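Sharing a structure below in structure tokens format, with a few things to ask.
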Amino acid sequence: MTDKNITENQEEKKSLNFIEQIVEEDLKSGKHKEIITRFPPEPNGYLHIGHAKSIILNFGLSETFHGKTNLRFDDTNPVKEDVEYVDSILEDVQWLGYKWHGDVHYASDYFEQLYEWAVKLIKDGYAYVDDQSIEEISASRGTPTQAGKESPFRNRSAEENIDLFERMRKGEFKDGEKVLRAKIDMSSPNMHMRDPIMYRIKHSEHHRTADKWCIYPMYDFTHGQSDYIEGITHSICTLEFENHRPLYDWFLDHIYEEGRTRPRQIEFARLNLSYTVMSKRKLAELVEKKLVSGWDDPRMPTISGLRRRGYTPEALQLFAEKVGVAKRENIIDVGLLEYSIKEHLNRTAQRVMTVLDPLKVTITNYPKDKEEFLSAINNPEDESMGEREIPFSRTLYIEKEDFREEANRKFFRLKLGGEVRLRYAYFIKCNEVVKDENGNIIELLCTYDPLSKGGKSPDGRKVKGTLHWVSAKHALNVEVKLYDRLFSDESPDGHKEKDFTEFINPDSLTVTENCKAEPFLKTAKVGNRFQFERKGYFCVDKDSSKDKIIFNRTVPLRDSWAKKNF
RNA sequence: UGACCCAUGGUGUAACGGUAACACAGCUGGUUUUGGUCCAGCCGUCCCAGGUUCGAAUCCUGGUGGGUCAGCCA
């Protein structure tokens with residue numbers, strides 16, 4: 001290989017994001033022989049696409065650098081957590097295509113070790129039991145621009161503190177009566193360093209440890225140590241934890257033993273998507289107020305919602321890759337998410353013809369009892385998917401919007417006296433429009449050109465439009481749910497005066513029954529994805545039954561015609 | 001009137017001191033039995049002001065703008 005080639009190859013190499021650069025340097029310098037990352041959700045809600053970004057980042061890192069990724073539940077607050085959430089999180093991570101290293105970990109597995117470390121800190125003079133009320137502690141913390149005041153209990157002896165802490169554990173005190181605090185600096189410019197609380201009393205049932213404990217460690221006294229216990233090398237979290245890093249390091253300083261792996265916290269910007277909300281609180285509110293059907297409503301940005309909508313793990317991975325990783329606040333255009341799924345499905349989805357809004361068409365010169373089968377390509381992007389047969393007969397359905405009695409020459413579809421191609425079938429010409437007493441078009445009388453079978457034009461005659469269609473006699477009745485963005489505002493929670501629910505899009509869901517599908521769809525199973533030609537990508541919803549298939553529209557096809565005529 | 005972080009086209013991300021790249025969106029045009037796909041082209045001078053340097057989007061200083069922090073949440 002020449003020098004030039006080497007240079008070119010290096011240039012072609014995809015540039016690394018700042019976290020990948022750190023990892024690469026740590027490996028190159030020998031700081032770590034192998035990296036271990038972790039995905040550490042609190043089981044207090046369903047995962048959303050922002051979590052997907054984090055999952056893909058953490059697992060992706062260990063894939064590209066041949067390391068490991070742990071899955072750990074940060075379950076230090078029993079009143080907010082539930083097994084329902086751990087189950088859904090487990091499902092979502094696996095669905096995304098990742099396998100965590102070893103067993104699932106829980107911060108609650110480390111409660112005993114954490115307790116011992118707390119005792120050590122007390123003995124070393126770095127922690128104390130505070131009897132102040134929640135209000136007193138809050139008041140004495142100061143403000144970002146004003147130093148706090150030291151607690152009157154700050155200088156208790158180690159012996160007294162140990163005794164009190166042990167009695168806290170035994171359950172001798174009520175919730176809120178006492179806390180364990182780190183003794184750092186009440187005048188620190190960093191609020192998190194003003195004697196942060198390490199333990200609080202909560203007499204409540206934990207979903208895993210039941211009533212074994214009545215004192216629970218805070219996030220700050222748990223996370224770094226859990227990373228340390230697991231040998232995590234790179235502890236990646238979102239930007240709002242930036243101010244916690246000095247505390248993360250402070251606790252580690254006081255328990256660290258020479259020779260062991262010391263984790264490093266690195267922060268990146270969380271994902272924000274336009275036209276939706278991402279906070280767990282707001283998503284929960286949508287569910288509670290029944291503004292959506294549940295956490296997995298196809299309009300929700302949750303992983304379960306996107307899955308039900310028809311998104312694929314590959315699409316979310318592509319999306320995460322396109323979005324990138326940096327420290328800048330961002331709002332990603334949902335269009336990029338839609339691009340990602342279209343990109344994947346265009347290559348992989350079975351094509352099929354379905355008429356969403358049927359208009360009856362009778363081919364007057366086609367024999368009454370005749371039917372024939374025509375060959376259609378399953379996926380023009382993938383020849384290996386082969387072809388299928390579609391029934392054709394005298395009575396058909398086409399899309400209502402594909403016909404106009406009169407239209408200018410920009411309208412490529414069927415008009416009175418005009419000719420179009422029925423995809424894979426024949427050229428047809430519309431000769432007469434049948435209307436009901438109110439003047440609504442209820443049927444078109446057309447003639448076909450028998451020589452144009454397969455949609456070909458033996459005489460070289462051109463038509464501008466090609467329509468999808470379904471034979472009425474063979475049609476399968478299906479229900480289709482069309483989705484639009486849940487909010488009509490680009491940043492629904494970005495308005496100080498208005499609540500985000502005020503921006504709910506009233507037309508985010510359209511249910512259309514009596515859609516006509518080609519018989520191929522008879523055997524479609526829940527979760528199957530298709531492209532309905534000219535209409536978009538659809539997948540079979542879990543609410544489907546034997547006699548009624550329900551399709552969710554994942555995303556429409558790009559439609560430059562509709563756009564121009566808007 | 002504090003600390004920390006951030007600042008590149010409409011949206012994201014890259015360029016690691018050598019003269020702005022990639023993707024999405026948008027707009028033109030071409031191909032096409034999906035007004036899909038695909039292909040070609042167009043669309044920024046890097047928040048501002050100083051400084052260092054032969055040379056700065058990249059380094060320094062000061063502004064300005066935005067974000068985070070005053071839970072016994074994570």
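So you know, we letter chains A, B, ... as the sequences are listed, proteins then strands, and number each from 1. Model, not experiment: these values are computed from the prediction. Just so you know, these numbers use all the heavy atoms, side chains as well, and skip hydrogens, waters and symmetry mates.
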Partner of B/U11 by Watson-Crick or G-U wobble geometry, both contacts under 3.5 Å, or none? B/A23
Determine which nucleotide pairs with B/G55, using a 3.5 Å limit on both distances of a Watson-Crick or G-U wobble pair.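 Pair assignment: B/G55 / none.
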Please classify the nucleic acid contact of A/S560 as base, sugar-phosphate, or nothing, using heavy-atom distances under 4.0 Å. sugar-phosphate
Nearest to the side chain of A/Q21 - B/A74, B/C16, B/U13? B/C16
Output yes when at least one side-chain N/O atom of A/R558 is less than 4.0 Å from OP1 or OP2 of B/U37, else no.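 Checking B/U37 against A/R558, a side-chain N or O does come within under 4.0 Å of OP1 or OP2.
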With a non-hydrogen cut-off below 4.0 angstrom, is A/Y216 in contact with a base, only sugar-phosphate, or nothing? nothing
Fit a plane to each ring of A/F111 and A/Y216, take the angle between them on a 0 to 90° scale, and name the class: parallel (under 30°), tilted (30 to 60°) or perpendicular (over 60°).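 Perpendicular.
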For the pair made of CG in A/L239 and P in B/G67, what is the distance, rounded to whole Å?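 Taking atom P of B/G67 as the reference, CG of A/L239 is at 13 Å.
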Rounded to whole Å, the CD-C1' distance (A/E490 to B/A25) equals 12 Å
So, OP1 or OP2 of B/U32: does either fall under 4.0 Å of a side-chain N or O from A/R423?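 So the side chain of A/R423 is outside the cut-off, no N or O lying under 4.0 Å from OP1 or OP2 of B/U32.
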Have a look at A/V79 and say if it touches a base, only the backbone sugar-phosphate, or nothing, with a 4.0 Å heavy-atom cut-off.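 No contact.
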Under 4.0 Å, counting only non-hydrogen atoms across every strand here, what does A/E533 touch: a base, just sugar-phosphate, or nothing? base
Base B/G36 to side chain A/E381, donor-acceptor N/O within 3.5 Å cut-off: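 In this structure, the two groups form a donor-acceptor pair.
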Base, sugar-phosphate alone, or nothing: which one does A/E135 contact when heavy atoms must sit under 4.0 Å apart? nothing
Between A/Y219 and B/C73, does any side-chain N or O lie under 4.0 Å from OP1 or OP2?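 Looking at the OP1 and OP2 atoms of B/C73, neither is under 4.0 Å from any side-chain N or O of A/Y219.
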Are A/E230 and A/N70 close enough that a side-chain donor and a side-chain acceptor fall under 3.5 Å? yes
Could you tell me whether the side-chain ring of A/Y339 sits stacked on the base of B/A25, using a centroid cut-off under 5.5 Å and a plane angle under 30°?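 It does not: the two rings, one from A/Y339 and one from B/A25, miss the stacking criterion.
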Among B/G36, B/C72, B/G35, the nucleotide that comes nearest once only the side chain of A/R351 is considered: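 For the A/R351 side chain, the nearest candidate turns out to be B/G36.
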Picking from B/C73, B/G35, B/A3, which would you name as closest to the side chain of A/N77?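 When the side chain of A/N77 is considered, B/C73 is the closest of B/C73, B/G35, B/A3.
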Between B/G36 (C1') and A/E338 (CD): distance, integer Å: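 In whole Å, B/G36 C1' lies 15 Å from A/E338 CD.
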Carefully, step by step, assess A/S151 and A/Q132 under the rule side-chain hydrogen bond (donor to acceptor under 3.5 Å, both in side chains). CA-CA 8 Å; A/S151 165; A/Q132 291 185 105; 3.2 Å; yes
The side chain of A/S15 lies closest to which of these nucleotides: B/C5, B/G2, B/A14? B/A14
Which whole number of Å gives the distance between the C1' atom of B/G9 and that of B/A20? 11 Å
NA contact type, A/Q531, heavy-atom cut-off 4.0 Å: base, sugar-phosphate, or nothing?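 Base contact.
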No-H, no-angle donor-acceptor pair, A/H192 side chain to B/A70 base, under 3.5 Å: no
Rounding to an integer number of angstrom, what distance separates B/A70 and B/G63 when you compare their C1' atoms? 28 Å
B/C73 phosphate, OP1 or OP2: any side-chain N/O from A/K202 under 4.0 angstrom? yes
Sorted by position of nearest nucleotide on RNA chain B, 5' first, the leading residue of A/H244 and A/T145 is A/T145
Using atom CZ of A/R245 as one end and atom C1' of B/A3 as the other, report the distance to the nearest whole Å.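 From A/R245 CZ to B/A3 C1': 13 Å.
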Under a 3.5 Å threshold, yes or no: a donor from one side chain and an acceptor from the other, between A/H468 and A/R534? yes
Taking only side-chain nitrogens and oxygens of A/S138, does any of them come within less than 4.0 Å of OP1 or OP2 of B/G71?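 Affirmative; the distance criterion is met.
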Check the phosphate of B/C69 against A/Q146, side-chain N and O only, distance under 4.0 Å to OP1 or OP2. Yes or no?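 A/Q146 to B/C69 OP1/OP2: no side-chain N or O under 4.0 Å.
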Classify the nucleic acid contact of A/R141 as base, sugar-phosphate or nothing, counting any heavy atom under 4.0 Å across all strands shown.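 Since only primed, P, OP1 and OP2 atoms lie under 4.0 Å of A/R141, the category is sugar-phosphate.
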Would you sort out whether A/N379 and A/R351 count as a side-chain hydrogen bond (donor to acceptor under 3.5 Å, both in side chains), showing the intermediate values? CA-CA 6 Å; A/N379 184 350; A/R351 267 60 166 176; 3.1 Å; yes
Looking at B/U61, which nucleotide sits across from it as a Watson-Crick or G-U wobble partner, both distances under 3.5 angstrom, or is there none? B/A49
Base-pairing mate for B/U68 - Watson-Crick or G-U, with both contacts under 3.5 Å: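 Matched B/U68 with B/A3 under the 3.5 Å cut-off.
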Any donor-acceptor N/O pair under 3.5 Å between B/U37 base and A/N346 side chain: no
Which whole-number value in Å describes the distance from A/I331 CD1 to B/G66 C1'? 12 Å
Between B/A25 and B/A40, how far is it from one P atom to the other, in whole Å? 15 Å
For B/U28 and B/C59, measure between their P atoms and round to the nearest Å. 40 Å
4.5 Å side-chain heavy-atom contact, A/Y537 and A/L557: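 SC-SC contact between A/Y537 and A/L557 confirmed.
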Sugar-phosphate only, base, or nothing, as touched by A/F241 at under 4.0 Å among non-hydrogen atoms: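 The answer is base, as A/F241 lies within the cut-off (heavy atoms under 4.0 Å) of a base atom.
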From B/G35, B/C72, B/C4, nucleotide with atom closest to A/E242 side chain: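 Nearest to the side chain of A/E242 among the choices is B/C4.
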Does one side chain, of A/T466 or A/R421, offer a donor that lies under 3.5 Å from an acceptor on the other? yes
Whole angstroms only, please: what is the CG-P distance between A/D333 and B/U11? 10 Å
Taking all non-hydrogen atoms of both residues, which atom of A/E205 and which atom of A/P78 are closest, and how far apart?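 Taking A/E205 first and A/P78 second, the nearest heavy atoms are O-CB, 3.6 Å.
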Can you check B/G29 for me, syn or anti if syn means within 90° of 0?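 With its glycosidic angle more than 90° from zero, B/G29 counts as anti.
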Round to the nearest Å and state the distance from A/E24 atom CD to B/C16 atom P. 14 Å
Would you mind telling me which of B/G67, B/G35, B/G12 lies closest to the side-chain atoms of A/I332?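 That would be B/G12.
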A/E329 side-chain proximity, nearest of B/A14, B/C6, B/G67: B/G67
Does A/R534 make a side-chain N or O approach to OP1 or OP2 of B/G35 shorter than 4.0 Å?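 Checking A/R534 against B/G35: at least one side-chain N or O falls below 4.0 Å of OP1 or OP2.
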A/V470 side chain reached by A/I398 side chain, heavy atoms, under 4.5 Å: no
Distance below 4.0 Å between A/R200 side-chain N/O and B/A74 OP1 or OP2: yes
Quick one: label A/F173 by what it contacts on the DNA or RNA (base, sugar-phosphate, nothing), any heavy atom closer than 4.0 Å. nothing
Nearest listed nucleotide, side chain of A/N243, among B/A3, B/U34, B/U13: B/A3
Side chain of A/L557 only, please: which of B/C4, B/U34, B/C72 is the nearest? B/U34
Any salt bridge linking A/D227 with A/R72? Criterion: basic side-chain nitrogen under 4.0 Å from a carboxylate oxygen.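 Salt bridge: yes.
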Over all strands shown, is A/V179 touching base, sugar-phosphate only, or nothing at heavy-atom distances under 4.0 angstrom?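 Since a base atom lies under 4.0 Å of A/V179, the category is base.
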Spacing of A/F153 atom CZ relative to B/C72 atom P, expressed in whole Å: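 About 17 Å, once rounded to whole Å.
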Counting only side-chain nitrogens and oxygens, does A/T76 get under 4.0 Å of the OP1 or OP2 atom of B/C73? no
If you find the nucleotide of RNA chain B closest to A/K322 and the one closest to A/P41, which residue's nucleotide is nearer the 5' end? A/K322
